[in-house]
Structures are given as C-alpha cells and as structure tokens.
There are 2 protein chains.
Amino acid sequence: MDRIKSMQAFSAVVSEGSFAAAAEKLNTSSQLVSKYVAQLEDYLGVRLLNRTTRKINLTEVGQQYAANVKQLLEQIAEIEHRVGAMHTETSGQLRISAPVSFAISHLSGMISDFQTDYPQVTVDLQLNDRKVDILHEGFDIALRIGHLKNSSLIGKFIAPVHLKFYAAPSYLKEFGTPQHPKELAEHRRLIYSYSENDGSEIMGYWFKNLDTQSKLPMVSNNGDVLVQAAVAGHGIALQPTFIAQQACNEGKLVSILNEHAPPSMGLYAVYAHRKLLPRKIRAFLDFSEGYFGNPPVWDS
Amino acid sequence: MDRIKSMQAFSAVVSEGSFAAAAEKLNTSSQLVSKYVAQLEDYLGVRLLNRTTRKINLTEVGQQYAANVKQLLEQIAEIEHRVGAMHTETSGQLRISAPVSFAISHLSGMISDFQTDYPQVTVDLQLNDRKVDILHEGFDIALRIGHLKNSSLIGKFIAPVHLKFYAAPSYLKEFGTPQHPKELAEHRRLIYSYSENDGSEIMGYWFKNLDTQSKLPMVSNNGDVLVQAAVAGHGIALQPTFIAQQACNEGKLVSILNEHAPPSMGLYAVYAHRKLLPRKIRAFLDFSEGYFGNPPVWDS
DNA sequence: TTTAATTATCAACAAATCGTTGTTAATGGT
DNA sequence: ACCATTAACAACGATTTGTTGATAATTAAA
C-alpha cells in the first residue's frame with residue numbers, strides 16, 4: 001500500500017466532497033479512490049469518513065487527520081520541489097581536486113570561464129597532487145594526469161598530456177646532450193615525487209640507478225620547482241609540456257630526446273558514478289570537453 | 001512504489017551508516033533497502049548517496065533531503081500515533097440525539113453512569129423528537145423509539161417500549177371507560193404529534209375521525225405535556241409506560257384497554273456504520289446493553 | 001409512486017510490482 | 001594475498017494493484 005497515494009486520495013475526497021470528484025481530480029477511477037481510502041482506514045484502524053451514496057461526512061478522527069494530512073502533503077510537495085530544483089538548476093558547490101602545477105598555469109582561467117557560464121555554481125578548487133579519495137574526501141571531480149586505472153570511478157578524457165625531457169642550454173653545454181635514453185643514467189636528474197615507473201622502456205632508463213646520490217640533485221612534488229631547477233642548470237627534468245614549454249620557447253630550456261618521449265598521457269576528470277549525475281558535475285564535464293583544444297593550447 | 005517505505009529505508013541508511021545495518025533495523029534484506037533507495041533516487045531524479053561497498057556518503061542534495069525526510073517521518077509517526085490514540089483511548093465527543101421525554105426521565109441517569117465509566121468521553125446530548133439525520137447533523141448515535149425501518153443505519157435494541165392508553169379516573173367517571181378500541185373514536189384524545197399510524201388495527205381506531213374537532217382537545221410533540229393533560233382529566237392519552245406509569249402508580253391515571261395495547265415498540269440506538277466503529281460509540285452501545293433491565297425499570 | 005441518474009462499494013481478473021534468492025564485483029582489514 | 005563484508009544486479013514466484021463490470025442505496029425528476 002502506498003500511504004502517500006492513499007493520503008492524497010483521502011485528502012482529495014475531503015476537499016472535493018465526493019469520491020467521484022476526487023477521482024476526476026486525481027485522474028483515476030472512483031473505485032480506486034474508494035479502495036485507497038478503505039485501505040487507509042484499515043491501516044489506521046479508524047473510520048475517517050462516514051459515507052452514504054450521496055454525502056460525505058468526516059468523523060471526528062477524520063477531521064483531525066485530514067488537517068494533518070493536508071499539511072503533510074504540502075510539505076512533501078515542497079521538499080520534492082526543492083530537491084528537483086536543486087537538481088535541475090545547475091547550482092550548488094562543485095568541489096574539484098586538481099594537480100597543483102596544472103591548476104596554477106591553466107585551470108584558473110578555465111574555472112573562471114566556467115563560472116561566467118554557470119554563476120550559480122560555486123567552485124571549491126583544492127590543489128593537491130595526491131590521488132585523493134573523491135568519495136571519502138567529498139570531491140565531486142578530481143582532475144588527474146596520467147593513465148586511467150581500473151576503478152569504480154569514471155574518467156573523462158579532457159586533453160592529451162605529453163612529457164618531454166628538458167634541460168638548460170648551460171647544463172647541456174657542461175654535461176653534454178644525451179643522444180639516447182640509456183645515457184640518462186649518467187645525468188643529474190630532477191625527479192617528480194609522484195611520478196611512477198609504468199614499466200615502459202623509456203621510464204626504465206629514467207629511473208635507472210637513482211640510488212647514486214650524485215645523479216639526484218633534487219626531488220620535488222611540484223613540477224614548477226623542478227622546471228626552475230632545470231632552468232638554473234641543475235639537471236634534466238622530465239615534465240609535461242604544459243609546465244615547461246614556455247621556458248623552452250623563451251630559450252631557457254631545450255627539449256631533448258624528442259624521438260624517445262615517454263608514452264603520452266592524458267588529463268582526466270575523474271568522478272564517482274554513472275547515473276543521476278548532478279547537473280553541476282554534468283555541466284563541468286561538458287564544459288571541459290575540448291576546452292583546451294587539440295592539440296592543447298600549451299602545445300601549439 | 002511506496003514512497004514512505006522508501007523514505008524510511010533511506011533515512012535508516014543515513015542514520016545507520018550502511019545498507020546492511022539499515023536492513024537489520026528495518027527487518028528486511030539489504031537488497032530490498034538498496035532497491036528502495038534506488039527507487040527513491042529514480043523518483044526524485046537525484047543521486048542521494050554516493051556509495052562504495054564500504055562507505056556511504058551523502059550528496060549535497062541527499063543531506064538536505066535526509067534532514068527533511070527525518071522530520072517528515074517523525075511527523076507522520078506522530079500523526080498516526082495520535083489517530084491511534086484517539087481510536088483506542090475511548091475518548092472524544094459523543095454526540096447523542098435522544099427523544100425529549102425519555103431523556104429527561106431516564107437517560108440523564110444513564111449518561112452520568114456512562115461518564116463515570118468513561119470520563120474521557122464528553123457527551124453532547126441533544127434532545128429532539130424529530131428523526132434527525134445523524135450523518136448530516138453529525139450525530140454519533142440517535143436514540144429512537146419505534147420500529148426499525150430499513151436503512152443503511154444500524155439499530156441496536158436497548159429496551160422494549162410499551163404503549164398504553166391512559167386516562168384520569170375523573171375523566172373515566174365523566175365519559176365512561178371504553179371497553180373496546182372502537183369506542184375510542186367517541187373519546188377526547190390527546191395526540192402525540194410524531195406518532196404514526198403503523199397500519200395496525202388498534203392504531204386505526206386511535207386515529208379514526210380525528211377531524212372532529214371536539215374529539216381532539218390537544219396535540220403536542222411532548223409526551224409529558226400530554227400525560228399532564230390526561231392527569232388533569234382532559235382526555236385519553238396513548239403514551240409509553242416510561243412516561244405515564246408513575247402517574248398511574250400514584251393513582252392519578254388509570255391504564256385502560258390493556259388487552260388491546262398497540263404492538264410493543266423498542267428503544268433503539270441508531271448509528272451509522274458497521275466496521276471500524278469508534279471506541280466511544282462501541283463503548284456506549286455496550287454500556288446501554290441491558291442497562292434498563294428486562295423488563296425495564298419503568299415497567300417493574 | 002415510479003423512473004432515471006448518480007454514487008459508493010463489492011467481486012474478479014489481468015497486469016504490474018514486490019520481495020526473495022542467488023550471484024557478482026568491489027573494498028578494506030588481517 | 002586472502003578472506004569477510006558490502007552493495008548492486010538478475011531472475012523468479014508471490015503478492016498487490018488497478019481495471020472492468022455488477023450491485024445497492026439514495027436523490028431528483030417525471
């Protein structure tokens with residue numbers, strides 16, 4: 001038995017004054033209305049209406065109940081309306097986790113463009129290079145750079161991310177320019193903390209013999225810092241183009257070993273579920289689609 | 001879909017923190033709870049919970065909705081509790097319609113006895129010799145004297161009511177004592193307005209030739225008045241024993257034609273419906289059962 | 001008074017839904 | 001790496017729902 005339907009039926013009978021009129025109002029048959037009210041009475045164990053074939057009279061209990069039910073139904077409608085509005089209005093807070101360097105260099109512009117399109121959405125942008133647990137930490141979307149792993153999360157591809165080896169001309173002048181990745185093991189490498197050895201040949205060379213302290217002048221969890229170190233001539237950095245390309249264009253860095261670049265990665269928007277996605281999230285995903293162009297702005 | 005059940009399921013999941021715990025609380029299976037919540041989400045078109053196999057997280061909408069639903073469910077419980085209480089507590093107002101003379105002479109005592117047994121019931125006793133429309137005029141019970149007619153109403157027999165012909169000794173001395181009903185047409189008759197010719201032989205004699213003005217000194221809708229008129233020697237009255245018997249016992253009246261008394265009638269409690277009878281009504285009906293004894297107090 | 005129309009209820013049946021069972025995939029703790 | 005727990009999914013039988021037709025009761029009209 002659907003108690004809410006029963007209540008609606010009862011309420012309609014009370015306000016319309018007859019079963020037939022109530023049925024019309026609710027677009028159903030009088031028989032069904034009669035059944036509903038009878039069910040409600042059975043459930044409550046109370047007679048709500050004294051009815052002859054011609055007239056309807058509320059019992060004492062029925063009067064009280066009718067008043068309460070009317071209020072209740074209005075409340076339910078109000079609540080559901082609010083929920084519906086929240087869902088369709090494309091509003092609310094959108095919590096995004098993003099990698100630090102990418103966010104600083106390219107995301108801030110995108111977010112502000114997004115907000116001019118959707119002023120009702122408040123963005124809470126948390127910069128963090130960790131792999132956050134978006135469910136547990138309450139994020140709607142996490143932007144991640146890398147390859148997508150199997151998980152219950154969905155990842156939407158936003159833009160390709162290419163890694164290149166960079167070094168300052170001064171460094172190359174002093175230590176020579178490696179012609180093949182296997183020479184990397186002999187160079188001073190600027191390592192990004194969260195980078196992973198994905199098992200590819202090129203990454204094997206990159207991480208080779210890192211225990212030799214002299215070859216490892218710097219480790220950081222921030223790419224910009226590493227790029228600056230490279231610019232200062234402290235070593236070779238393996239960094240995404242969106243971080244280092246500008247310095248390269250300015251002549252402060254040179255990209256090397258371009259024929260042996262690691263497999264290209266992607267910028268992904270990772271989110272939690274597949275159906276009944278809140279509008280604000282849908283909107284952000286759609287907005288991000290193609291925003292950076294292909295090839296992306298930082299590569300052209 | 002039973003929205004209330006769904007709400008309860010959702011609310012339980014929120015408060016218990018897991019589907020399994022919620023299922024236990026509601027004495028059902030976790031599968032069912034899962035189904036309910038999914039249905040609710042489909043109905044609302046909104047994701048309420050972000051769930052992994054291990055943790056539950058409310059969405060933004062879900063938080064709001066959960067708070068509202070919790071309140072709502074409490075309200076529903078409160079309302080239904082009140083309704084239940086009204087039904088089981090044997091309380092409330094009991095509106096009774098009763099014949100004037102009978103109420104004055106015998107009902108007042110019964111009502112006060114009833115109220116000592118059921119102090120929570122407020123009695124609203126309306127005296128009226130009309131046949132009230134109990135539904136339309138909002139009565140719970142109508143006490144009626146007479147024969148029960150076919151109707152959708154139920155009548156419960158409370159006590160037998162006998163009619164007798166009464167006259168004052170002085171009247172009989174002056175006009176003679178009728179030995180057979182057919183002689184009534186020659187006597188001065190004190191007529192009760194609401195009395196009906198039920199088609200019986202004896203009532204035929206009683207109503208015969210009433211157009212002769214001299215034979216009709218008085219018509220009243222009140223039996224006591226007619227009895228007093230009879231005591232004063234103004235004529236013959238056909239009245240129930242419960243009104244006239246006392247005057248008879250005191251010698252002020254004599255009952256005549258006892259072998260030809262009209263068919264005995266009854267005092268009935270008439271009420272509206274058969275199932276889900278409010279407690280207060282049930283209580284009154286049970287209380288009235290046998291209250292006046294058999295033969296009733298006014299006849300013994 | 002009789003007839004017709006309206007109204008609520010009852011009965012029965014087909015269709016839809018519900019709640020169960022068994023299974024799978026994912027996750028966190030040991 | 002394994003195991004226990006958890007949520008989701010699929011499928012099936014049982015129950016409930018909503019429909020249709022019929023019945024009884026009451027009022028208005030003829």
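Lettering of chains follows the sequences in order, A, B, ..., and the numbering in each one begins at 1.
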Phosphate OP1/OP2 of D:dG21 contacted by A:Q31 side-chain N/O (<4.0 Å):
no
Is A:Y36 near enough to D:dT17 that one of its side-chain N or O atoms lies under 4.0 angstrom from OP1 or OP2?
no
Nucleotide of C:dC18, D:dT17, D:dT20 approaching A:S29 most closely (side-chain heavy atoms):
D:dT20
Picking from D:dG18, C:dA8, D:dT6, the nucleotide nearest the side-chain atoms of A:K5 would be D:dG18
Between B:E80 and A:Y43, is there a side-chain donor-acceptor contact under 3.5 Å, judged purely by atom types and distance?
yes
Check this one for me: any side-chain N or O of A:S34 less than 4.0 Å away from OP1 or OP2 of C:dA8?
no
Output the single nucleotide from C:dA8, D:dT20, D:dT6 whose closest atom is nearest the side chain of A:F19.
C:dA8
Minimum-distance nucleotide to B:L32 side chain [options: C:dG19, D:dT17, C:dT9]:
C:dG19
Over how many whole Å does the gap from A:Y43 atom OH to D:dT16 atom P extend?
15 Å
Rounded to the Å, how far apart are B:D2 CG and D:dG18 P?
11 Å
Tell me what B:S18 touches on the nucleic acid: a base, only sugar-phosphate, or nothing, going by heavy atoms under 4.0 Å.
sugar-phosphate
If you compare every side-chain N and O of A:K35 against the phosphate oxygens of D:dT16 (OP1, OP2), does one of them come in below 4.0 Å?
no
Quickly work out the B:R3 CZ to C:dT17 P distance and round it to whole Å.
15 Å
Going by distance alone, is a donor N or O of one side chain under 3.5 Å from an acceptor N or O of the other, for A:Q75 and B:Q75?
yes
Measure the acute angle between the ring planes of A:Y268 and A:F157, then classify it against the limits of 30° and 60° as parallel, tilted or perpendicular.
perpendicular
Aromatic contact, B:F284 with B:Y271 (centres under 6.0 Å):
no
